[in-house]
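Right, one structure below, let's go through it.
Just so it is clear, the structure is predicted and the values come from calculations on it, not from any experiment. Each chain gets a letter, A, B and so on, in the order its sequence line appears, and its residues count up from 1.
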Amino acid sequence: MVERQIWTSNLNLWFGKNQILHNINLEAYKNHITAIIGPSGCGKSTLLRCFNRMNDPIPFMELTGKVYLDGKDIYAPKTDVYAVRASVGMVFQKPNPFPKSIYNNVAYGLQIQGKYSKSEIKDRVEESLKAAWLWDEVKDRLHHSAMSLSGGQQQRLCIARALANKPKVLLLDEPTSALDPQSTAKIEELCLALKNSVTILIVTHNVAQAGRIADYTAFLYLGELVEFEKTEQLFTVPKDKRTEAYLTGVFG
Amino acid sequence: MVERQIWTSNLNLWFGKNQILHNINLEAYKNHITAIIGPSGCGKSTLLRCFNRMNDPIPFMELTGKVYLDGKDIYAPKTDVYAVRASVGMVFQKPNPFPKSIYNNVAYGLQIQGKYSKSEIKDRVEESLKAAWLWDEVKDRLHHSAMSLSGGQQQRLCIARALANKPKVLLLDEPTSALDPQSTAKIEELCLALKNSVTILIVTHNVAQAGRIADYTAFLYLGELVEFEKTEQLFTVPKDKRTEAYLTGVFG
Amino acid sequence: MKGIKEKTFQAIAYIASLLTAVCLIAIIYGIFHDGLPLFKFISWKDFLFTNNWYPVYSPPGFGAWALIMGSFYVTLGALIIALPLSLGSAIFISEIASPGLREIAKPVIELLAGIPSVVYGLFGIAFLAPLIRQWFSLDTGLNLFTSSLILGIMVIPIICSISEDAMSSVPHSIREASLALGATKSETIFKAVIPAAKKGIIGSILLGFGRAIGETMVVLMVAGGAAQIPKSIFEPVRPMTSTIAAEMGETIMGDLHYNALFALAIVLLIITFFSNLITEIVFRPKRQK
Amino acid sequence: MNRRKGKNTFWIMMMTLMLIITAGFLVVFIVRIISLGAPVLSWKFIVEPPREAMTEGGIFPALIGTFLLTALAMIFALPSGIFTAIWLTHYGKPQWLVNILHIIINTMAGIPSIIFGLFGMAIFVNLLGFKVSLLSGSLTLAILALPVIINNTEQAIHSVPADFSEASLALGATTRQTISKVVFPAALPNILTGAIISVGRVAGETAPIMFTAATFYSRSLPHSLQDEVMALPYHIYALMTEGTHPESQVPIAYGTALVLLILVILIDATAIIIRSYMRKKRQW
Amino acid sequence: TITCSGSTTVLPIAQATAEAFMDGHPDINISIRGGGSGVGIAALINGTIDIACSSRPMKSKEITQAKSKGIEPIPYAIALDGIAVVVHPSNSISNLTIKQLKDIYTGKIKNWNELGGPNLPIVVISRDVSSGTFEVFNERVMAGAKVSSSAQLLASNNAVTTTVSTTPGAIGYAGLGFVSSKVKSVAIEKIIPSEQTVKDGTYKLARKLYMYTNGKAKGAVSQYIAFIQSSQGQKIVEKQGFISLN
Ligand SMILES: Nc1ncnc2c1ncn2[C@@H]1O[C@H](COP(=O)(O)OP(=O)(O)OP(=O)(O)O)[C@@H](O)[C@H]1O
Ligand SMILES: Nc1ncnc2c1ncn2[C@@H]1O[C@H](COP(=O)(O)OP(=O)(O)OP(=O)(O)O)[C@@H](O)[C@H]1O
Ligand SMILES: [Mg+2]
Ligand SMILES: [Mg+2]
């Protein structure tokens, strides 16, 4: 039986006067990959950023409804937002390693928490780089600048960086759209491997990608969750006209 | 019988020490659309820019061979390069309207020539905007900034701007690669309509686009003109292995 | 723990910001507080519009018209000299010069913009003024023309460097569009590049204006210092800034003369405030992003 | 058509001419200062105090005075300037306060330096009773430098891609950690460049220190913040206008001007070199 | 540190004596600024300096202002000086009356030929209103009339003599110590300014130079002033081109 890890309940979100998300109820299951697809501007990124409260700093953002992580509402007052973000990792569209060394990129999340010893950090960095399939490529130059890596390597470094915090959930916002096909394939495989240890939510504009890797797929349209189903089901027998139209390439 | 409008003869071009174009012999026929396709960096843009001498300002550019417009070599000494450019219009990949009003964008080419009266210019602006299928959308806000238009509208404005000079030839360098599908479709249709009055040369990275609109297609590879044929012929029975490889998606 | 550090950091940043605001308020308060008492003695109309600056006579005269006009003429002269030269140079560097020349010219211009004004003043008083006196066989080289010339030379690098920035940040595609329509280089510059860089250019001119009208040392050293409305460009003038600098030390706190000098500062402050406001309005749309 | 080509040639020649005239002016200016100042320049000129009623000796106290004024001004201005920029870029709430602060900073940047001098005299010298002193002068200069530093730092911070902050926040870092561990290190070279440029500016200012710090003659170096100091720019001005032995003092003024010029140009050149080096090296 | 500010006329005396004094008292530092007599007196009244140098006695208004701020100014005469009226060496005029001088400075007389000199417009050069030199000139020559607004106001004696020496039509005035061979000093009411005429008071534009302190000079300040008034100090005064008290 699948178990929910992170889910929303009647989530609405406004930027100023524009309502971006309308009453979203979406669930992501433990050890599964959930994809969010939809045309450009429909609110995919915004929804994803609700899961680690990355929309908080945006001025005039308002939110109603709840987001639960393992049953606890992460928007409840007194919630430690920094702890939430540490346990819900995020990887962005464009690889964005810090202009620091490879080692320090991965160690960053642990260093700022200030509760790990040097040797613990060292072990965790190695572990994370291995988990992100990057260790072999960088083990001899851990103290070189992360900027010297290729795009695909940088993106895997970003994944390693997020993994170092031992997150329960990993959010990926179009992680491969800036990458070449080989790097994309590698990251897709990596996702499939990672889902054994972490719940993955991935936004993608590439329907085929969702088809290839996601267990569940959600179709978002104009801020509404139109359809949320097992991927094969959504792709083969979409219930909603709009889903069908999107999958056959009418919009976007 | 097709009649040549603009053509090259043994054209070679160097940027510094790099030879970019090798002995190109390409002809574009009156009232036809000629597409230039090829992998990225093969010299498509450079070749296109030879037809209106837009490579002239590039330092260390050297050119041998000839380019004829209606039988006259446009690289001959004493040629009026400004007149050449006025009669060979050009539209770029990214829409680049001036930060002026819509009206002044279209009027620009005529205003600088200083030989048209206000009312002539006014008529010509209207005519060009109509020819570019933009008139209805902008006629009520001719004096608004061109920057307020959408990408597709901006690109049609750029076409209108080029048409205002009543060019004989229109050069389009990947005119739709920055546009959404609807706008792309509109511009393709527009090209088909315009070829009755102007000879069109279009560079595209989108093979399907060449297939849809071009009468003739040239395949450029590493600065060489590998094949130049009627489009159906080139697409169905390519003579050269490289053309075939490209069309089936091996490079680029 | 995390919370406290966080709060302290934010509080420090907040206090620093308020401190900045307090500085300006203190400046404005300080200047107005010591300047306004003058207007108990003389109406602001008489202060601004009569030509009668005899601050230490009895009864004293505080009509600052000649000083205000002095500042105005010197600034106008400086801009007349600087604008064609600086904008012309900026156009040359941005549009005509080869990349190699541009690489050199740009930092040199920036360096020149940093030269202290007192050095320009020295150059004026010791080199240019005697030369100008000889060339035009004048009574004195310390006059409106000389000070305008030096101020002009001083603001050239400032205007040039900022307007060059504005022009070179116009996207290359705008130039290509213009050339492809058959425009010549100069048509492209005047009709496509400059209109697109208009805001930055206006900003640079306003900045040059502010620098020229607020400059003290140059005019103190070379303007000649006669409180009169000049009848020709070769007569000495006494701009507001040099009046303040020359007379401030000698006054006694709370004296009317002291107030009068602060009143001049109010005039300067208001002028610079408005020229800033214009800049602000010109640049406003850009900041919104 | 020929008319248009003619116009084109004319204008290009005009622009060239403008550049040549400008360059000519500036070359005459620099060459003149150098040729007049160079003869008195010597090691002694740098390290000795003035003697014989300022007709002999060097400018050591003025050099040190300028150094102290500038260094103190930076000590006051840099932290508050940088923190203001941090507040503006990262906290900045409410929005109206940010807007007002921007207007305030731009206004301050445009205020003539003599007004800072007046303000410093009215507030620090007279009201707070710091007298004409190193302290009054450096506080005045600090306020003058503040808007420059804030603007530069803000720009430097803005030039760091938002991606970096986002990545840091998403890893659970606080705003403070994000600023101090990611944004600030990345912006540091640009912040530094801005700071160096403002050092150059402050070192050359005369009007603000005229009534707040500078003295014509003092043999020894200042012992405390309460002491008056000699300063290079004021020294030039005073020698030219209050000197009593022009034959021997004008050359000293030129020498001093040359020293100041070299100093400021070196400072600014350092900044420009750092900046272009960092721009080439920068990887984002 | 002793801070000392004021008259640019007194500046060379103050500086030269300070140097000599500091040679004998290495523990004392004297900081000297110019500005003008008014500057020095204002600073004394504002309480920001120890010694105000002045080339004129304090005005009664200034004394009242000082009193109201709790300052008790005490004058110490330190030297004698004459204000020389100077013209360009090529000028044939060699004598002027006070009346003529006043008419020149109010702008009534505009050309040297009105005084029997060359046909040359007069370029009037005056000192800054803050200077004691100006005050003395203003009091003894102008008698309350206003200096024409086209007069150039220069900030120092030095600037006056330099300008006069390079301007054929110019007239100016400066302390005796600043008169060099580059300018010609004219007689006033037929009396040439000299050590003799200044000491015996026949020269109309003679004056004493002062240092003012707040209350009786104490400690280092009184040592310094005593040094200037001593014969050693007065020698330095003469060396700087001024006239000694004794
Ligand atoms: N910071 C913001 N302030 C105001 N509106 C915003 C902000 N960020 C996004 N929006 C708006 O919210 C809507 C949804 O944006 P979002 O980035 O979530 O779309 P998306 O589905 O991720 O699109 P894409 O596929 O282009 O990334 C858009 O209309 C956008 O304009
Ligand atoms: N200004 C220039 N100076 C030197 N080399 C140039 C210049 N412009 C282009 N090149 C070189 O000329 C070659 C051809 O470039 P061109 O832009 O014509 O290719 P393209 O076929 O249009 O490629 P794309 O599909 O990416 O637009 C490239 O190798 C490029 O690096
Ligand atoms: Mg998105
Ligand atoms: Mg191209």
Exercise for review: Report the distance from atom CG of C/L111 to atom CD1 of D/I267, rounding to the nearest 0.5 Å.
Suggested key: 11.5 Å

Review point. Which region of D/I12, side chain (C-beta onward) or backbone (N, CA, C, O), has a non-hydrogen atom less than 4.5 Å from a non-hydrogen atom of chain C, or is it both or neither?
Key: both

Exercise for review: Measure D/L36 against the heavy atoms of chain C and call it side chain, backbone, both or neither at under 4.5 Å.
Suggested key: neither

Exercise for review: Go through the atoms of C/T241 and report whether side chain, backbone, both or neither lie under 4.5 Å from a heavy atom of chain D.
Suggested key: both

Practice item. Give, as side chain, backbone, both or neither, the part of D/I30 having an atom under 4.5 angstrom from any heavy atom of chain C. Key: side chain

Study note, to complete from the structure: Given C/S117, C/G210, C/C23, C/A82, the one with more heavy-atom pairs under 4.5 angstrom with chain D than any other is C/C23

Point to revise | Which portion of D/I33 sits near chain C, non-hydrogen atoms under 4.5 angstrom | key: side chain

Review point. Of the backbone (N, CA, C, O) and the side chain (C-beta and beyond), which part of C/I213 lies under 4.5 Å from a heavy atom of chain D, both, or neither?
Key: neither

Point to revise | Side-chain heavy atoms of D/I111 within contact of C/L269, under 4.5 Å | key: yes

Check your understanding: Side chain, backbone, both or neither: which part of D/I265 has a heavy atom under 4.5 Å from chain C?
Key -> both

Check your understanding: Which region of D/L232, side chain (C-beta onward) or backbone (N, CA, C, O), has a non-hydrogen atom less than 4.5 Å from a non-hydrogen atom of chain C, or is it both or neither?
Key -> neither

Review point. Checking ring pair (Phe, Tyr, Trp, His ring centres under 6.0 Å) for the pair D/F29/C/F127: CA distance, chi angles, key distance, verdict?
Key: CA-CA 9 Å; D/F29 168 68; C/F127 174 69; 9.6 Å; no

Exercise for review: Any chance you could lay out the side-chain contact (heavy atoms from CB on, under 4.5 Å) test for C/K185 and D/M15, step after step, and finish with the verdict?
Suggested key: CA-CA 12 Å; C/K185 185 123 202 167; D/M15 299 309 162; over 6 Å; no

Point to revise | Under 4.5 Å from any heavy atom of chain C - which part of D/I114 | key: both

Review point. Step by step, would you call C/C160 with D/T22 a side-chain contact (heavy atoms from CB on, under 4.5 Å)?
Key: CA-CA 10 Å; C/C160 180; D/T22 302; over 6 Å; no

Check your understanding: If we only count heavy atoms from C-beta on, is the D/L260 to C/V118 side-chain gap below 4.5 Å?
Key -> yes

Point to revise | Contacting region of C/I27 [heavy-atom separation from chain D under 4.5 Å] | key: both

Check your understanding: Between C/M221, C/Q10, C/E215, which residue shows the highest count of heavy-atom pairs closer than 4.5 Å to chain D?
Key -> C/Q10

Point to revise | chain D contact via C/L112 - which portion, at a heavy-atom distance below 4.5 Å | key: side chain

Exercise for review: Please flag which part of C/L85 lies under 4.5 Å from any non-hydrogen atom of chain D: side chain, backbone, both or neither.
Suggested key: both

**Study point:** Per-residue contact mode, C/L149 against chain D (heavy atom under 4.5 angstrom)
**Key:** side chain

Exercise for review: Let me know if C/I93 has heavy atoms under 4.5 Å from chain D in its side chain, its backbone, both or neither.
Suggested key: side chain

Point to revise | Trace of the side-chain contact (heavy atoms from CB on, under 4.5 Å) decision for C/L220 with D/Y237 | key: CA-CA 9 Å; C/L220 185 57; D/Y237 167 71; 3.2 Å; yes

Study note, to complete from the structure: Per-residue tally against chain D (heavy atom, under 4.5 Å) across C/F273, C/Y29, C/F190 peaks at C/F190

Practice item. Kindly indicate whether the side chain of C/F123, heavy atoms from C-beta on, has any atom under 4.5 Å from the side chain of D/R32. Key: yes

Revision key, fill the gap. Between C/L122 and D/A257, the two heavy atoms sitting closest are CD2-CB, 3.2 Å

Review point. To the nearest 0.5 Å, what is the distance between CE (D/M108) and CG (C/N276)?
Key: 12.0 Å

Review point. Can you say whether C/A26 sits under 4.5 Å from chain D via the side chain, the backbone, both, or neither, judging by heavy atoms?
Key: both

**Study point:** Nearest non-hydrogen partners of C/Y258 and D/A122, listed with the distance
**Key:** OH-CB, 3.9 Å

Practice item. Measure from the ring center of C/Y14 to the ring center of D/F83 and say whether it is less than 6.0 Å. Key: no

Exercise for review: State the CD1-CG distance between C/I189 and D/N8, to the nearest 0.5 angstrom.
Suggested key: 7.5 Å

Review point. Any side-chain heavy-atom pair from D/T175 and C/E6 closer than 4.5 angstrom?
Key: yes

Study note, to complete from the structure: Under 4.5 Å to a heavy atom of chain D? For C/Y120 that would be both

Exercise for review: Select, from C/P107, C/S89, C/A265, the one with the greatest count of heavy-atom pairs under 4.5 Å involving chain D.
Suggested key: C/S89

Check your understanding: To the nearest 0.5 Å, how far apart are OG1 in C/T20 and CD1 in D/I105?
Key -> 6.0 Å

Practice item. Under 4.5 Å, counting heavy-atom pairs only, tell me which of D/D268, D/V264, D/I115 racks up the most with chain C. Key: D/I115

Check your understanding: Quick one: does C/I31's side chain get under 4.5 Å of D/L118's, heavy atoms only?
Key -> yes

Point to revise | Residue D/L101 versus chain C: region with a heavy atom under 4.5 Å | key: side chain

Exercise for review: Nearest 0.5 Å please: distance from the OG atom of D/S276 over to the NZ atom of C/K106.
Suggested key: 12.5 Å

Exercise for review: Select one option (side chain, backbone, both, neither) describing which atoms of D/Y254 are under 4.5 Å from chain C's heavy atoms.
Suggested key: both

Review point. For chain D, which of C/I109, C/I115, C/I156 has the most heavy-atom pairs under 4.5 Å?
Key: C/I115

Practice item. Can you tell which part of D/M210 gets under 4.5 Å to a heavy atom of chain C, answering side chain, backbone, both or neither? Key: side chain

Practice item. Identify which of C/E95, C/M217, C/E110 forms the greatest number of heavy-atom pairs closer than 4.5 Å to chain D. Key: C/M217

Review point. Between D/S80 and C/A16, is there a donor-acceptor pair closer than 3.5 Å when you use the side chain of the first and the backbone of the second?
Key: no

**Study point:** Atom pair CZ (D/F119) and CG (C/L24), whose distance is rounded to the nearest 0.5 Å
**Key:** 9.5 Å

Review point. Which region of D/I20, side chain (C-beta onward) or backbone (N, CA, C, O), has a non-hydrogen atom less than 4.5 Å from a non-hydrogen atom of chain C, or is it both or neither?
Key: neither

Review point. Which heavy-atom pair separates D/G110 from C/T272 by the least distance, and what is that distance?
Key: O-CG2, 3.4 Å

